[in-house]
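Below is one structure, written out as structure tokens; the observations come after it.
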Amino acid sequence: MSRLSKTEVVDLLKAWIAISIAFAIVLTGLSFTLEFLTGVVIAAITVGVGFLLHELAHKVVAQRYGCFAEFRAFDGMLLLAIVFAFLGFIFAAPGAVMISGQVTRRENGLISVAGPWTNFALAAVFFAVSTFLPAYSFIWKYGFTVNVWLGLFNMIPFWLLDGRKVWAWSKGVWVGTVLVGVVMIGNTF
């Protein structure tokens with residue numbers, strides 16, 4: 001993976017912080033207490049890491065195909081995620097990896113599916129960690145669940161979501177990926 005530009009690092013940090021705050025508001029409500037700060041840390045570890053690795057997976061695969069790829073935050077959507085959190089739900093479209101270069105439909109599909117596959121892999125890691133550190137089971141269960149849902153949400157074949165590009169490339173890969181997510185979410189612990 002090529003180095004991250006200063007702009008990209010700032011945008012990734014902004015998005016990570018905003019997502020962590022939004023999910024913490026839903027988890028604990030907004031307050032200036034230790035409970036809220038704990039919620040921010042839990043969200044940063046579970047959702048934030050899932051978001052970061054999802055976006056970096058897109059970047060790595062795009063660069064493998066010779067493209068320029070860099071994450072850009074959507075500031076308005078970050079604010080909207082926090083506002084919606086006060087209403088008790090999350091709609092987060094924090095930004096996207098901007099890609100320039102020529103790719104085939106297959107390569108574009110692989111770039112797109114890399115994010116959800118990363119979320120499913122991270123969910124499996126959270127599941128495995130729960131076996132070794134059961135004292136913190138809430139964190140690991142939350143990380144598992146939220147990453148499976150992030151992967152599934154991104155597979156919706158609509159708008160700018162990954163699922164639209166995967167569907168255009170391979171309906172079989174799209175169905176297989178969605179089935180993996182559905183099986184995972186159906187077998188929560």
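Nothing fancy with the numbering, it's 1 onward along the sequence.
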Test log, rule side-chain contact (heavy atoms from CB on, under 4.5 Å), inputs Ile21 and Ile17: CA-CA 6 Å; Ile21 290 169; Ile17 291 166; 3.7 Å; yes
To the nearest 0.5 Å, how far apart are CG in Leu56 and CD in Gln63? 9.5 Å
Steps toward side-chain contact (heavy atoms from CB on, under 4.5 Å) verdict (Val173, Trp117): CA-CA 11 Å; Val173 171; Trp117 285 349; 4.0 Å; yes
Check whether any side-chain heavy atom of Thr38 sits under 4.5 Å from a side-chain heavy atom of Thr28, and report yes or no. no
Ring pair (Phe, Tyr, Trp, His ring centres under 6.0 Å) against Trp169, all qualifying residues, sequence neighbours excluded: none
Heavy atoms, side chains only, cut-off 4.5 Å: are Ile25 and Phe36 in contact? yes
Are side-chain heavy atoms of Met155 and Trp174 found at a separation under 4.5 Å? yes
Anything under 30° is parallel, anything over 60° is perpendicular, the rest tilted; go ahead and classify Tyr142 against Phe138. parallel
Following the transitive rule for hydrophobic clusters with a side-chain heavy-atom cut-off under 4.5 Å over Ile, Leu, Val, Met, Phe, Trp and Tyr, establish whether Trp159 and Leu80 coincide in one cluster. yes
My understanding is that only residues two or more places apart in sequence, or in another chain, count here; which of them pass ring pair (Phe, Tyr, Trp, His ring centres under 6.0 Å) with Phe71? Phe51
Check whether Val40 and Phe126 end up in the same hydrophobic cluster, where Ile, Leu, Val, Met, Phe, Trp and Tyr are linked by side-chain heavy atoms less than 4.5 Å apart. no
Tell me whether Leu122 is reachable from Ile90 by hopping between hydrophobic residues (I, L, V, M, F, W, Y) whose side-chain heavy atoms are closer than 4.5 Å. yes
For the hydrophobic clusters of this structure (ILVMFWY residues joined by side-chain heavy atoms under 4.5 Å, transitively), does one cluster hold both Val10 and Leu13? no
Euclidean distance, Leu12 CG relative to Thr7 OG1, rounded to 0.5 Å: 11.0 Å
Heavy atoms, side chains only, cut-off 4.5 Å: are Val49 and Trp16 in contact? yes
Looking at every non-hydrogen atom in both residues, tell me the closest pair between Val103 and Cys67 and how far apart they are. CG1-SG, 3.3 Å
In chain order, what residues pass the ring pair (Phe, Tyr, Trp, His ring centres under 6.0 Å) check against Tyr136, with sequence neighbours excluded? none
Following the transitive rule for hydrophobic clusters with a side-chain heavy-atom cut-off under 4.5 Å over Ile, Leu, Val, Met, Phe, Trp and Tyr, establish whether Ile139 and Met184 coincide in one cluster. yes
Measuring only between side-chain heavy atoms, which start at C-beta, is Thr177 closer than 4.5 Å to Phe120? yes
Are more than 12 heavy atoms, taken from residues, nucleotides or ligands other than Arg72, located less than 6.0 Å from that residue's CZ atom? yes
Under the ring pair (Phe, Tyr, Trp, His ring centres under 6.0 Å) rule, collect the residues that match up with Phe89, sequence neighbours excluded. Phe84
Are Met77 and Phe91 packed together at the side-chain level, in the sense that at least one heavy-atom pair is separated by less than 4.5 angstrom? yes
Between the CG atom in Leu27 and the CD atom in Glu35, the distance rounded to the nearest 0.5 Å is 9.5 Å
Please name all residues satisfying side-chain contact (heavy atoms from CB on, under 4.5 Å) with Ile156, sequence neighbours left out, ordered by chain then number. Phe153, Phe158, Leu161
Heavy atoms of Ile99 and Ala69 approach each other most closely as CG1-CB, 4.1 Å
Minimum heavy-atom distance between Thr118 and Ala57, given as atom pair plus value: OG1-CB, 3.1 Å
Indicate yes or no: at least one non-hydrogen side-chain atom of Phe23 is less than 4.5 angstrom from one of Val146. yes
Shortest non-hydrogen separation from Ala24 to Gly39 and the atoms involved: CB-C, 3.5 Å
Counting only pairs under 3.5 Å, give me each side-chain donor-acceptor contact of residues 105-114, with atom names and distances, residues two or more places apart or in other chains.
residue: Arg105; atom: NH1; partner: Ala168; partner atom: O; Å: 3.2
residue: Glu107; atom: OE1; partner: Thr104; partner atom: N; Å: 3.0
residue: Ser112; atom: OG; partner: Asn108; partner atom: O; Å: 2.9

Where do Lys14 and Ala73 come nearest, in terms of heavy atoms and distance? CE-CB, 4.2 Å
Whether Trp140 side chain and Pro134 backbone form a donor-acceptor pair below 3.5 Å: no
CD1 of Ile19 to CD1 of Ile82, rounded to nearest 0.5 Å, is 9.5 Å
Between the side chain of Asn119 and the main-chain N/O of Trp149, is any donor-acceptor distance below 3.5 Å? no
Is the shortest heavy-atom distance from the side chain of Asn147 to the side chain of His54 under 4.5 Å? no
Under the side-chain contact (heavy atoms from CB on, under 4.5 Å) rule, what do Met98 and Phe68 come out as? Steps first, then yes or no, please. CA-CA 8 Å; Met98 300 299 156; Phe68 172 82; over 6 Å; no
Restricting to non-hydrogen atoms, name the atom on Ala81 and the atom on Ala22 that form the minimum distance, rounded to 0.1 Å. O-CB, 3.7 Å
